Amino acid sequence: MTIQTNRLTIVPYTTEWATLVLKQCYENGPELENHLIELAETPALLLWGSWLVISQADGNIIGDIGFKGRPSANKDVEIGYGLLERYQNNGYATEAVGALVDWALSRPDVATVSAETTATNRSSIRVLEKIGFQKTCASDTTFHWSRHQTDGSR
């Protein structure tokens with residue numbers, strides 16, 4: 001499974017990609033390692049965990065995105081994402097997250113994609129707003145977001 005956008009290639013993270021991650025010294029938190037452990041135990045998580053975001057221009061891994069588990073019984077799945085700092089503010093997050101959300105919402109087992117941001121993370125908030133997410137709940141520190149199949153595409 002591969003998702004192509006204008007500038008990016010987005011692929012589910014598997015052990016086959018570990019060599020590239022090591023070669024590029026890609027480090028953006030523990031999610032990738034944790035995903036491989038979970039994937040070894042539960043192969044059905046393949047599309048519902050971490051995905052690599054790779055620049056088509058130079059083949060560099062610029063970030064990782066993915067879901068926090070399989071869709072629930074209510075057909076909801078939560079997305080998370082992070083790009084390396086040097087690739088932020090170039091529209092890559094909007095492009096990558098938008099493509100993965102569109103893919104998820106095209107599936108019959110997903111009706112809603114949700115997300116969570118800190119109230120102060122303006123960049124992440126802008127990404128979600130640009131791709132059609134609506135704020136569903138807010139506290140002093142956290143915002144919850146969702147986009148539904150019926151919301152239409154961007």
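Since we're looking at a predicted model, the values are computed, not measured. The figures here come from the full heavy-atom set of this structure, side chains too, leaving out hydrogens, waters and symmetry mates.
- Panel note: side chain K130, backbone E95; no donor-acceptor pair is recorded below 3.5 Å.
- Taking CG of L39 as the reference point, atom CG of N34 lies at 12.5 Å (rounded to 0.5 Å).
- Atoms CZ and CG, on R86 and N60 in that order, are 7.0 Å from each other to the nearest 0.5 Å.
- Nearest heavy-atom pair, T117 versus S124, reported as atom, atom and distance to 0.1 Å: CG2-OG, 3.4 Å.
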Practice item. Mind running side-chain contact (heavy atoms from CB on, under 4.5 Å) on T142 and H144 for me, showing each step along the way? Key: CA-CA 7 Å; T142 306; H144 296 271; 3.8 Å; yes
All N/O donor-acceptor pairs, side-chain side in residues 43-52, below 3.5 Å, sequence neighbours left out:
residue: W51; atom: NE1; partner: L47; partner atom: O; Å: 3.1

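- Taken together through direct or relayed side-chain contacts under 4.5 Å among Ile, Leu, Val, Met, Phe, Trp and Tyr, M1 and V97 form part of one hydrophobic cluster.
- Distance check: I61 CD1 to T9 OG1 gives 11.5 Å after rounding to the nearest 0.5 Å.
- To the nearest 0.5 angstrom, N89 atom CG is 9.5 Å from T94 atom OG1.
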Practice item. Start with the C-alpha distance between R7 and V53, add both sets of side-chain angles, then the distance that settles side-chain contact (heavy atoms from CB on, under 4.5 Å), and finish with yes or no. Key: CA-CA 10 Å; R7 303 178 293 166; V53 180; over 6 Å; no
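- In terms of heavy atoms, T112 sits closest to S146 at CG2-CB, 3.8 Å.
- Here the side chain of Q56 pairs a donor or acceptor atom with the backbone of L8 at under 3.5 angstrom.
- Listed for the N90 side chain is a donor-acceptor partner under 3.5 Å among the backbone atoms of Q88.
- Closest heavy-atom contact between A93 and V127: CB-CG2, 3.8 Å.
- Side-chain contact between I62 and L84: absent, with no pair of heavy atoms (C-beta onward) separated by less than 4.5 Å.
- E33 pairs by the side-chain hydrogen bond (donor to acceptor under 3.5 Å, both in side chains) definition with nothing, not counting sequence neighbours.
- Exactly one of V110, I3, I10 qualifies for a side chain to side chain contact (heavy atoms under 4.5 Å, CB included) with W103. That residue is I3.
- For K135, the salt bridge (charged side-chain N to carboxylate O under 4.0 Å, His left out) criterion is met by no residue, not counting sequence neighbours.
- Shown here for A104 and F67, the closest heavy-atom pair between the two residues is CB-CZ, 3.7 Å.
- Atom OG1 of T118 and atom CZ of F143 lie 8.5 Å apart (nearest 0.5 Å).
- Residues F133 and V113 share a closest heavy-atom pair of CE2-O, 3.2 Å.
- How far OG of S72 is from CG of D109: 10.0 Å, rounded to the nearest 0.5 Å.
- For residues 74-101, there are no ring pair (Phe, Tyr, Trp, His ring centres under 6.0 Å) pairs, not counting sequence neighbours.
- A donor-acceptor contact shorter than 3.5 Å is absent between the side chain of E116 and the backbone of E78.
- Heavy atoms only, all atoms of each residue included: A111 and L105 are closest at O-CD2, 3.7 Å.
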Scan the side chains in residues 25-32 for donor-acceptor partners under 3.5 Å anywhere in the protein, sequence neighbours excluded, and list what turns up.
residue: Y26; atom: OH; partner: N28; partner atom: ND2; Å: 3.2
residue: Y26; atom: OH; partner: D64; partner atom: N; Å: 3.1
residue: Y26; atom: OH; partner: D64; partner atom: OD1; Å: 2.4
residue: E27; atom: OE2; partner: G29; partner atom: N; Å: 3.1
residue: N28; atom: ND2; partner: D64; partner atom: OD1; Å: 3.4
residue: N28; atom: ND2; partner: G82; partner atom: O; Å: 3.1

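- Legend: residues meeting salt bridge (charged side-chain N to carboxylate O under 4.0 Å, His left out) with R126, ordered by chain and number and at least two apart, are absent.
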